[in-house]
Number of protein chains: 2
Amino acid sequence: MASVKDVARHAGVSVATVSRVLNDSVPVLPGTRDRVLAAVAELGYRPNAVARSLRTDATRTIGLVIGDILNPFFTELARAVEDQARALGYSVVIGNADERPDRQDHYVGTLLERRVDGLLLCPTAEVTPLVRDMVRDGRPLVFLDRTLPGLDVPAVRVDGGAAIAELVRHLCALGHRRVAFITGPALLSTGRERTEAFTAAMRAHGLPVRPEYLEAGDFQAASGRAGAARLLDLPEPPDAIFVGDNLMALGALDEIRARGLRIPADVALACYDDLPWFTHLDPPVTAVAQPVRELGRRAVRVLAERMEGRPVSSVVLPARLVVRRSCGERDGGVPA
Amino acid sequence: MASVKDVARHAGVSVATVSRVLNDSVPVLPGTRDRVLAAVAELGYRPNAVARSLRTDATRTIGLVIGDILNPFFTELARAVEDQARALGYSVVIGNADERPDRQDHYVGTLLERRVDGLLLCPTAEVTPLVRDMVRDGRPLVFLDRTLPGLDVPAVRVDGGAAIAELVRHLCALGHRRVAFITGPALLSTGRERTEAFTAAMRAHGLPVRPEYLEAGDFQAASGRAGAARLLDLPEPPDAIFVGDNLMALGALDEIRARGLRIPADVALACYDDLPWFTHLDPPVTAVAQPVRELGRRAVRVLAERMEGRPVSSVVLPARLVVRRSCGERDGGVPA
DNA sequence: TTGTATGCGTTATCAT
DNA sequence: ATGATAACGCATACAA
């Protein structure tokens, strides 16, 4: 590939001048400028970003480490991050950690070696030494969607507390009393928070939270199915199941269908996370919707400020309840 | 950040020796080796991939330019590509072209500047000059999912012809005669091929392909809805609608629901592309399933061979029909 | 086996 | 306004 040298020779100027017109850092005589541009066009020259990064110590790249791009929540999040990053002139490299600390560290490691300017991390349960080092070294790091305790890192996330409280009230109003919750991993801040919000809301309504109505899942479809199966096998099964994320809801739906149970007649269903397809399920699923695109946008902005050395603080966005028909609503309630 | 120099000083050796143990290119005395490794650990040294790339002229990175990561087909494709790439020691940088040639070129351009070792491209309609240049310059390029005519570039894609023929036969057997098709863009090879396969299969069964039953869509949800609307407004509406991709199917479903029509009693529905959620729709949707993960895997492998300078050829994978209940099947047919 | 020195392509400093 | 040149961090050819 052609380099600055080739362009310089072609235009009859020095490499310095080529660099100057390309970055228009310093004024250049219009005539020379044109000659350089002509040479660039003729040679199809493309600046080598690798060399530039080495020299400038900046890659205009940010890393994004998420759980799994196949999870629609993360898909949308990744897309939002990418859009905002592009708007700010950054590329983004994505890593799918699959909720495994070792794989998270694999990606954080390679991203560090690639000298990304900043990192957006949806942390897995544990605080790995690598993450701790990053914090110690003061590298631009922002937690996304989740937080890790005891670390001074800005986080951009959603607080679903109010929406969950509203959902519980909604379920009560519809006459449900035996409400179960399929939780996310207690090791994840999102898992914990949703569970706490649920139990608090239940108590606030004078409803008991029976231990057997709290099924521990792991945000994966299989655990949703298993959890639903155990709940439905109970001597006194719940009359409503609230599922902690969309993947587990898919699994719970599988199980409910497999048993020939009807929603909401036999059991009501609600989901934390909303999806376009929920409108088309039978019945349409009542869900807690997170402001995913806003989440991604804000995360990039916070990281950008952090990379520019400005002080930043965490961001918390509210979720909202989307009422449909899967909980026994009479007429579909508020249109989605 | 610590560099080789720091490690060398710390271990009391030369930078060359550090480089040697890190890449174990040349045998190094066990003692020195240990000292180097100790220094690396102590300093938390991470090799600078940027500098390495500049020196070796390789980034161990491939670019992937797709239509839109929000399309579940591309989501799964991206994930498959990423997995296979990681297995081969490559990172992948993704770009969402949104089916726009200008945005495709934006990504191809930045990926070129970042000196990716190879590029996987789901080309938009037009052959842009940039793509033509890449081919001319002999850069490792593989077309994914789609092809572009008149270019000597290996392609890894799916042939849905047989599955579409099977679907048409299936529809006929179920008594459907007025079958409509909401097509993809004629400018996309995938759009054209599906349309051709459909019309050929219809003719083979002695069924007329009325022009008004061929609705032109663009693989986006809105066009699916609009197409379905026009079809259902026809004096003699179709008794079955085959939709060219999953996003347009979502749109078509919206329209059918909005009109209060029932599937398959009022109109049968089938979709090119299969999704996990299709099982849970009412009724479950009969679909043509593409071997997406295999598609991604093979694409990376072909590209890898191409990057290693070996001769490669195109790959075509077959799709298959998944019969469910949305076409009036009696008992759900073959379980999905 | 190990060290010294060069160059990858770029930007930036210092002359001119 | 422009040119010569050093330096970024690393891998490697060559020397020892």
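A, B, ... follow the sequence lines: proteins, then strands. Residue 1 opens every chain. Only heavy atoms go into these numbers, but all of them, side chains included; no hydrogens, no water, no symmetry mates.
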Query raised in the report: What distance do A:E193 atom CD and A:L188 atom CG have between them, rounded to the nearest 0.5 Å?
Result: 10.0 Å
Query - Distance, rounded to the nearest Å, where B:R115 contributes CZ and C:dG9 contributes C1' - result: 9 Å
Name every donor-acceptor pair, under 3.5 Å, that has one atom in a side chain of residues 38-52 of chain B and the other anywhere in the protein, sequence neighbours excluded.
from  : atom 1 : to     : atom 2 : distance (Å)
B:R46 : NH1    : A:E113 : OE2    : 3.2
B:N48 : OD1    : B:V50  : N      : 2.8
B:N48 : OD1    : B:A51  : N      : 3.2

Report task. Grab the CD-C1' distance between A:E113 and D:dG9 for me, whole Å please. Result -> 13 Å
Query raised in the report: Which residue pairs satisfy the salt bridge (charged side-chain N to carboxylate O under 4.0 Å, His left out) criterion with at least one member in residues 88-100 of chain B, sequence neighbours excluded?
Result: A:R79-B:D98, B:D98-B:R103, B:E99-B:R146, B:R100-B:D102
Query raised in the report: Please give, in whole Å, the distance from C:dG9 P to B:N48 CG?
Result: 17 Å
Throw together a table of side-chain donor-acceptor distances under 3.5 angstrom for residues 11-23 of chain A, partners on residues two or more places apart or in other chains.
from  : atom 1 : to    : atom 2 : distance (Å)
A:S14 : OG     : A:A16 : N      : 3.4
A:S14 : OG     : A:T17 : N      : 3.4
A:S14 : OG     : A:T17 : OG1    : 3.4
A:S19 : OG     : A:N23 : ND2    : 3.3
A:N23 : ND2    : A:S19 : O      : 2.9

Requested in this report: May I ask you to evaluate whether A:S3 reaches the phosphate of C:dG9, defined as a side-chain N or O under 4.0 Å from OP1 or OP2?
Outcome: no
Compile the donor-acceptor pairs under 3.5 Å between side chains in residues 294-303 of chain B and protein atoms, sequence neighbours left out, one pair per line.
from   : atom 1 : to     : atom 2 : distance (Å)
B:E294 : OE1    : B:R297 : NE     : 3.2
B:E294 : OE1    : B:R297 : NH2    : 2.9
B:E294 : OE2    : B:R298 : NH1    : 3.4

Report task. Could you list the residues that satisfy side chain to side chain contact (heavy atoms under 4.5 Å, CB included) with A:A80, not counting sequence neighbours? Result -> A:R293
Query raised in the report: At under 4.0 Å between heavy atoms, what does B:V50 touch on the DNA or RNA strands: base, sugar-phosphate, or nothing?
Result: nothing
Requested in this report: In whole angstrom, give the distance that lies between atom CG of A:L54 and atom C1' of D:dA6.
Outcome: 13 Å
For residues 135-143 of chain A, run the donor-acceptor check on the side chains, cut-off 3.5 Å, and write out each pair with its distance to 0.1 Å, sequence neighbours left out.
from   : atom 1 : to     : atom 2 : distance (Å)
A:R136 : NH2    : A:D133 : OD1    : 2.8

Query raised in the report: Rounded to the nearest Å, what distance is computed from the CZ atom of residue B:R46 to the C1' atom of nucleotide D:dG9?
Result: 16 Å
Query raised in the report: On DNA chain C, nearest-nucleotide positions of A:A51 versus B:S14: which is more 5'?
Result: B:S14
Query raised in the report: Can you give one letter per nucleotide of nucleotides 11-16 of chain D, 5' to 3': B if a protein heavy atom sits under 4.0 Å from the base, S if only from the sugar-phosphate, - if neither?
Result: BBB---
Query raised in the report: Can you list, by residue number, the residues of residues 28-43 of chain A that have a non-hydrogen atom closer than 4.0 angstrom to DNA chain D?
Result: A:V28, A:L29, A:T32
Report summary line: For B:R132, the side chain to side chain contact (heavy atoms under 4.5 Å, CB included) test, sequence neighbours excluded, returns B:V127, B:L151
**Report entry** Atom pair distance, as rounded to whole Å: NZ in B:K5 and C1' in D:dG9
**Finding:** 8 Å
Query raised in the report: Roughly how far, to the nearest 0.5 Å, is OG1 of A:T147 from CZ of A:R157?
Result: 4.5 Å
